[in-house]
Every structure is written in C-alpha cells, then in structure tokens.
Amino acid sequence: MCCVPEVLVSRPLALESGDAAWLALKKIARVHVRTVESKVALTRHPKLKNVAAVITMGTDPVDSKFLAAAPQLAIVANHAVGYNNIDLDAARARGVIVCNTPGVLTNATAELTIGLLFAAARRFGEGVTMIRKSAYRGWHPCLMLGRELAGARLGIVGHGRIGAAVAAKAWALGMDVVHSSPMGGIALDDLLRTSDFVSIHCPLNAKTKGMFGSREFALMKQGSYLINAARGEIVDERALLAALRKNLRGAALDVFHNEPKLNPKLRTHPAVFVLPHLGSATVEARAGMARLAVNAVIEVLSGRPPANRVS
Ligand code: GLV
C-alpha cells in the first residue's frame, strides 16, 4: 500500500461516480477530494505533503509556498484553460508538470459571451431588477429600450479558440466582427475607437493585467459596451466605473477582481450585469474539463507524457 500514489482534488468534479476516467484514476491512486464547504486552504491541506498529483481549480494559487508544501508533487492538472493562478517558473524549477484543459470549454464560454452581449444590449439586469422589485407598471413604447446586435460592430480582443468561436457566433447574428490580438487583426486602438461592443478573450498575464485602463476606456465609442468573460484583472474596475459615467452605456461581466467578492459599486450599478464566473459552467464542458485533468494525472502517474502540458 505504501507505493500507491496519492492525489488531491481541490473540489469535487462534475463527473458521474461511474465515469471511466475517474474509475481508472481510483484504480491506480488513493484520491482525496476537498469538499466545496471545506474552509481548509489548499496550501494547508493535510494531504498535500504526500500527494504526487493535484487537480487544482483556476482559483487556487499554486506558488512556491504551495510547491514547498507538496514535496512529492509530480503534476498540477489545472481544471481550467487559464493558468494565471500558477507560477510556471516555480513549477519548472521544481520539475513539476503543469497541464490545463483547453478546447472542451470553448463552445460553452463562447455561448455565455453571446448571452452577455444580449444581457448588456437588451438590459436584462435592469429588467430582472424591475420585476423582482415589483416596479413594472405596465408596457409602454419607450420602456427600457436597448439596442440590436445585428449591424453593430463587435471588437474581439484576443483571438484564440474562444475569441474565434465568439466571432463565428456573432457573425451569424449579423454583427460586424473585428479582432485585435498579438497574432493579427486590427490595432487595439482602432478596435476600441470603432466598436459598439468590446469583448475580452485574452489570457491574464503580465502584459494583459490592467490592460483596460482609463486610456483604453477613453478611446471607446460613446454608448458602447464592455463584455468580459476572460479574467477580471485585465480590467481596471475603477476606470470602468468612471467610463460608465462618461462614454460607456453598459458592461456585462462573468469575471471580476477578488472573486467571489464583487465591488459593491459594480454589484449595484444599474448598467452592469454580472455573473459568478459561469463561462464553462455546462454539463458538457465541465465533464470534458474533469476528464482532461484526470487523464493528465493518470498519464503522469503511469510514466507517460500528458496532453495539454503548459510547462
Ligand atoms: C475558466 O475561467 C477557465 O480558465 O477555464
């Protein structure tokens, strides 16, 4: 029994207990699952010192402190496509493999982004608040007018898998789609100046942190909207709130700073629609993410190279 590797899973995965990948993992390892209610930080988890593998969530910081607490660790399988929560240099220095879960959540996140576009353009947040407060006094021609997506320009910032999938769906809705990314498209300033909706789809890293500040918002069109289903820290929230008093008509966000603690000024702003990071929250995407993470662990514990290695 001393040679059975131990695996820590940061939160229960969206897999059936009879899922083949899950059963295969349990066949070769002793698996510990931290409950959703657990208040024990992952870095302080009593099993961490023994584990050969950990399945982390995108919200779990994996830094040198974490790695020091897990001296047996061979792999961090991050249950997310983003891996800004992981110090890759520290993992590399320790020889720990890091994997992510790309592809399987592309469609779910792109669909959610289209939902955010509709929510912003057609004022879903204000409408729901009106209904919940019993403040709807009856239909009239000027009640809560929004704007149509067809014919409007969508500027996509970051054109990886998710950005490209959003572009295809927005194009089918009749939007005029442009993009800007380090790989091509138009200049970011031109995108900001000409787009009615700006949607962020780039990873969070040293270059994109705070990328949307007062300068960028000042360039945006009068009456335009910001959509963010990428990472909260790409946007300077104070600058966003200031822009909402000037040229921005609204914002729809799936992500924000210090999740889950939302800035009360954003929470209560009538023109801001916020979701609790639901981009990949579909049965299909979450099962796909779980299987990729579990399979990466199985491969490494079996001495084979895993798919989706990022370090
Ligand atoms: C979700 O935010 C992810 O990176 O998968």
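Every number for a ligand or one of its atoms is a count from 1 in the order of the listing.
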Residue-ligand contact His79/ligand 1, heavy atom below 4.0 Å: no

Enumerated ligand 1 atoms positioned under 4.0 Å from heavy atoms of Gly82: 3 (C), 4 (O)

Within 6.0 angstrom of Glu148 CD, more than 12 heavy atoms from elsewhere: no

Atoms of ligand 1, numbered as shown, that sit under 4.0 Å from any heavy atom of His277: 1 (C), 2 (O)

Enumerated ligand 1 atoms positioned under 4.0 Å from heavy atoms of Ala80: 3 (C), 4 (O), 5 (O)

Those atoms of ligand 1 less than 4.0 Å from some heavy atom in Arg231: 1 (C), 2 (O), 3 (C), 4 (O)

Short side-chain donor-acceptor distance under 3.5 Å, Glu111 and Asn107: yes

Ala74 to Val300 - nearest heavy-atom pair and separation: CB-CG1, 4.1 Å

Sidechain N-carboxylate O distance under 4.0 Å for Asp19, Lys26: no

Which segment of Leu105 sits under 4.0 Å of ligand 1 when only heavy atoms are counted: side chain

Identity and separation of the nearest protein heavy atom to atom 5 (O) of ligand 1: Val81 N, 2.8 Å

Closest approach of Pro306 to Ala296 (non-hydrogen atoms, all atoms of both residues): CB-O, 3.9 Å

